[in-house]
Number of protein chains: 2
Amino acid sequence: MTVGATRPGGRTARVRAAVLRAAADALVEHGFNRLDLADVARRAEVGKTTVYRRWGTVAGLVADLLTDMAEQSLPRTDTGSLIDDLRANARLVQRTLVDPRQGALFRAVIVAATCDPRAAEALHRFYAVRIAEWAPCVEQAVRRAELPQGTDAAEVIRAVSAPLYYRLLVSGDPIDRATADRAAEAAAAAAHAGVYTLTSGPNR
Amino acid sequence: MTVGATRPGGRTARVRAAVLRAAADALVEHGFNRLDLADVARRAEVGKTTVYRRWGTVAGLVADLLTDMAEQSLPRTDTGSLIDDLRANARLVQRTLVDPRQGALFRAVIVAATCDPRAAEALHRFYAVRIAEWAPCVEQAVRRAELPQGTDAAEVIRAVSAPLYYRLLVSGDPIDRATADRAAEAAAAAAHAGVYTLTSGPNR
DNA sequence: CAGCTAAGGGAACTGGAGACCCGTTATGAC
DNA sequence: GTCATAACGGGTCTCCAGTTCCCTTAGCTG
């Protein structure tokens, strides 16, 4: 029974993988708003109809791509020093955004998120996962009494990435290693000053 | 003579103003990638052909809109205290991004910049102007010896905005007044720590 | 291994964004 | 005032993204 059950085996998964890979390629080449689902289908060697039926719109496809991206994660460093961990994180983000393929892909998915609620939700989940992954290095610094009690770990991690994304999307300034290091140092300095404590304001 | 001279008088300027206003309205309502130049023409009560001829593409229109936006500027505060100036700046940005109309417009123009080089250049000019406008309050703090010599004023101002734009575009977290104040305090703390000095790294 | 059906694929169709043509209007020079 | 022409505007055409139709293929079940 339950004849109407879904059928996730073999072909379906293969098609999804091929289409997502093709979608990433196409996003890198043309960007979000020049993306054509027929082109994605051609690259994936899959029927155009299939792409339209399963994902419907460009934004829907990007949302699925983001869900897929959230699942594959990079291990964080754990040097035992807050500033070194933050610098490692900043440099990882910097390398990602500067990389022609990855950088273009991130720009594209961020654009998609501003255009479609599903893509936005997928993007926010993606970053929530990434931030949660790196938060422990701040929590450990608090436990080591390197940072004030009650420091918002997620907020510190966000503070590291923010200047890099700001340059990528807003100001257009170059994103070099020095920028990444400065972002990490700024976040550490602000955290030390107690700016990111949850309960109260800064204790200066 | 120079009969072939351009003709910027009366009608041309009126048309430009009407089209730019209509474009902003349409961007706020539909966002960048759902924007239709024919729809803009209708709103501006202007011929569709005119819009296509003068601006060509959606991105070109947005680039011109940004040029126009860069010209009208808001006066900055000058309280005589770095943290108060930065807080005022942060709150101004916060109010702008949270405002339904302004927030949507900024999202749209940032999206446009990721899709088109001309729009990107216009956006970067826009922010260069805004940052240069607020840099003096940091320079004064340096002169008052509130901040280390050689502090990169523009970088401090960017640091104030970055967390707010990061939330708007990337993480999707709410952008409230507390966020703005924290951004200002973090930038001030990092600047005090010497993170933004041009010549060397941090002097901690 | 047989058959049921979920999922994929080819091809024709359609609607609307954007390009083009050519007549009309208003600006600026004299 | 009048004339040359830059700029506007309505109507029409084209082309392709997205939809629909219906047939084919391949996963699961027993």
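Worth knowing before you read on, the calculation uses all heavy atoms, side chains too, and leaves out hydrogens, waters and symmetry mates. Letters go in sequence order (proteins before strands), and every chain restarts at 1.
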Problem set entry | Rounded (10°) bend between the five-pair end axes of the helix from C:dC1-D:dG30 to C:dC30-D:dG1 | 50°
Problem set entry | Closest contact, heavy atoms only, A:P163 versus A:A159 | CD-O, 3.1 Å
Exercise. After noting the C-alpha distance and the side-chain angles of A:T96 and A:D99, does the key distance pass the side chain to side chain donor-acceptor pair (under 3.5 Å) rule?
Worked result: CA-CA 5 Å; A:T96 304; A:D99 178 77; over 6 Å; no
For this session: For residues B:Y127 and B:Y165, establish whether the separation of their ring centroids is below 6.0 Å.
Result: yes
Exercise. Is there side-chain contact between A:R125 and A:T67, with heavy atoms separated by less than 4.5 Å?
Worked result: yes
Exercise. Could you state the CG-P distance from A:L61 to D:dG18, rounded to the nearest angstrom?
Worked result: 11 Å
For this session: Measure from NE2 on A:H30 to P on D:dA17 and round the result to the nearest Å.
Result: 11 Å
Exercise. With sequence neighbours excluded, what pairs up with A:Y52 under the ring pair (Phe, Tyr, Trp, His ring centres under 6.0 Å) test?
Worked result: none
Exercise. Can you check whether A:S81's main-chain N or O pairs, donor with acceptor, with A:T79's side chain at less than 3.5 Å?
Worked result: yes
For this session: Would you give a per-nucleotide map of nucleotides 8-18 of chain C, 5' to 3', where B means the base has a protein non-hydrogen atom under 4.0 Å away, S means only the sugar-phosphate does, and - means neither?
Result: BBBBB----SB
For this session: Assess whether side chain to side chain contact (heavy atoms under 4.5 Å, CB included) is satisfied between B:V51 and B:K48, documenting all intermediate values.
Result: CA-CA 5 Å; B:V51 177; B:K48 182 173 68 159; 6.0 Å; no
Exercise. With respect to B:R87, which candidate in B:N89, B:D84, B:D85 satisfies the side-chain contact (heavy atoms from CB on, under 4.5 Å) definition?
Worked result: B:D84
